[in-house]
Protein chains: 2
Amino acid sequence: MNDPLTAFPGYSLRRAAHASSSELANRLAAIGLRQSDASVLMLIGANPSATASALGRHLAIQRANMVPLLKRLEDAGLIERAPIDGKSQGLALTEAGQDRLAQARQTIESFEEELFLRIPAEHREHLLPALEAIWR
Amino acid sequence: MNDPLTAFPGYSLRRAAHASSSELANRLAAIGLRQSDASVLMLIGANPSATASALGRHLAIQRANMVPLLKRLEDAGLIERAPIDGKSQGLALTEAGQDRLAQARQTIESFEEELFLRIPAEHREHLLPALEAIWR
DNA sequence: AGCGATTGTAGTTGATCATAACAATCCCCG
DNA sequence: CGGGGATTGTTATGATCAACTACAATCGCT
């Protein structure tokens with residue numbers, strides 16, 4: 001079939017992101033996490049007592065959309081909130097959260113490594129800088 | 001903020017795809033199209049009398065999800081269907097569809113060019129092959 | 001003639017994102 | 001110190017995209 005789309009980097013970008021994203025989502029589902037859950041766990045793990053707003057800003061997740069996400073993690077006993085002042089709350093991992101994060105990290109790291117290795121060697125080192133130029 | 005995610009190609013891939021995708025969606029919305037609409041128009045334009053199933057296979061859109069998409073395009077008077085045999089139908093652009101496709105093509109091509117130019121020169125030629133290695 | 005595969009369709013579900021609105025609180029400047 | 005603009009968490013709602021199941025009709029091949 002004649003295909004005018006695959007020559008476009010933007011189109012290929014979407015297809016590649018979708019493919020890799022759904023693969024990772026599958027693997028994370030095996031430990032009961034979504035990608036956004038895992039991202040938030042990773043970020044809280046690296047930044048204890050960060051606020052929901054700050055995490056959202058950094059992950060490009062709207063404040064409003066953080067609410068059900070954090071509620072899910074809290075209901076699952078993975079995170080807990082501690083008031084910082086009257087309006088902000090610091091987020092931290094519970095012990096269960098740290099365990100789950102370890103699993104998530106393992107899942108993500110091996111996934112990312114496989115992904116990286118699928119790229120022909122001569123292009124590998126160019127991918128990340130090229131992508132960052134697009135969204136940073 | 002300490003960020004363990006941006007070093008991952010997969011994460012950066014999702015962020016870049018989301019950024020570029022929503023930008024393109026905005027521009028296409030100005031001519032009344034979604035990205036999937038535009039993709040389908042492009043593909044029909046390059047492959048007259050292709051079937052819905054064939055398009056879907058090529059674009060990685062499930063047969064079932066092509067239905068509302070094609071209905072939208074047909075209701076907008078952009079495509080028409082001609083029975084090939086008892087169960088297949090060939091899709092073709094109407095005149096309005098060809099006009100709209102021309103606009104879409106213009107929009108997409110200038111978008112893709114801008115996108116391409118945002119990538120530092122030394123990485124540009126590596127992006128497409130790297131992406132294709134991921135999803136092809 | 002018949003059986004497996006394909007096609008189009010309908011309906012439902014879930015995930016992700018965007019947006020608007022609101023009350024409570026914070027922070028800074030006059 | 002007081003007040004106004006900004007920030008925070010939250011509720012609610014809608015749009016988009018994508019996955020799944022199921023079904024009837026038809027095709028293609030043996």
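Order of the sequence lines fixes the chain letters, A, B, ..., with proteins taken first and strands second; residue numbering starts at 1 for each chain. What you are looking at is a predicted structure, and each value in this text was computed from that prediction instead of being measured.
- Applying the ring pair (Phe, Tyr, Trp, His ring centres under 6.0 Å) rule to pairs touching residues 116-136 of chain A yields A:H123-B:H126, A:H126-B:H123, A:H126-B:H126, sequence neighbours excluded.
- Within a heavy-atom distance below 4.0 Å of DNA chain D, no residue of residues 2-16 of chain B is found.
- Within residues 52-77 of chain B, the residues having any heavy atom under 4.0 Å from DNA chain D are, by residue number, B:Q62, B:A64, B:N65.
- With 3.5 Å as the limit, one finds a donor-acceptor pair spanning the side chains of A:R136 and B:T6.
- For the segment residues 33-48 of chain A, the set of residues with a heavy atom within less than 4.0 Å of an atom of DNA chain C comprises A:R34, A:S36, in numerical order.
- Side-chain contact between A:L127 and B:I134 is present, with heavy atoms from C-beta onward closer than 4.5 Å.
- Under the 3.5 Å distance criterion, the side-chain polar atoms of B:Q35 are matched with a main-chain donor or acceptor of B:S21.
- Between its opening and closing five pairs, the helix from C:dA1-D:dT30 to C:dG30-D:dC1 changes axis direction by 30°, a value rounded to 10 degrees.
- The distance from atom CG of B:L24 to atom C1' of D:dT16 is 14 Å, rounded to the nearest whole Å.
- Every residue two or more places apart in sequence or in another chain that forms a salt bridge (Lys or Arg N to Asp or Glu O under 4.0 Å) with B:D75 is listed here: B:K71.
- When DNA chain C is scanned 5' to 3' for any atom under 4.0 Å from a heavy atom of chain A, the first and last hits are C:dA15 to C:dC26.
- In this structure, CG on B:L93 lies 8.0 Å from CD1 on B:I79, to the nearest 0.5 angstrom.
- Side chains of B:R72 and B:L69 form a contact here, defined as non-hydrogen atoms less than 4.5 Å apart.
- Remark: side-chain polar atoms of A:D85 are paired, donor with acceptor, to backbone N or O of A:S88 under 3.5 angstrom.
- If you check residues 78-88 of chain A against DNA chain D, the residues with a heavy atom closer than 4.0 Å are A:R81, A:K87, A:S88, listed by number.
- For the salt bridge (Lys or Arg N to Asp or Glu O under 4.0 Å) test, no residue two or more places apart in sequence or in another chain qualifies with A:R63.
- A donor-acceptor pair is defined here as one N or O able to donate and one able to accept, closer than 3.5 Å; such a pair exists between the side chain of A:N47 and the backbone of B:N2.
- B:R14 CZ to A:S20 OG: the interatomic distance, rounded to the nearest 0.5 Å, is 6.0 Å.
- Looking at heavy-atom distances under 4.0 Å, A:T51 makes contact with sugar-phosphate atoms alone, never a base.
- The CE atom of A:M66 sits 9.0 Å away from the OG atom of A:S36 when rounded to the nearest 0.5 Å.
- Sorted by first then second residue, the ring pair (Phe, Tyr, Trp, His ring centres under 6.0 Å) pairs that include residues 6-35 of chain A, not counting sequence neighbours, number zero.
- Cluster annotation: B:V67 is not connected to B:L33 through the hydrophobic network of ILVMFWY side chains, with a link wherever side-chain heavy atoms come within less than 4.5 Å.
- Considering only residues two or more places apart in sequence or on other chains, B:R81 meets the salt bridge (Lys or Arg N to Asp or Glu O under 4.0 Å) condition with B:E74.
- Applying the side-chain hydrogen bond (donor to acceptor under 3.5 Å, both in side chains) test to every pair with at least one member in residues 91-119 of chain B, sequence neighbours left out, gives these pairs: B:R27-B:E114.
- Distance check, rounded to the nearest 0.5 Å: CG of B:L78 to CG of B:L101 gives 10.0 Å.
- Note: the hydrophobic cluster containing A:M42 also contains B:M1 (ILVMFWY, side chain heavy atoms under 4.5 Å, direct or indirect links).
- B:Q89 places its CD atom 16 Å from the P atom of D:dA25, with the value rounded to the nearest Å.
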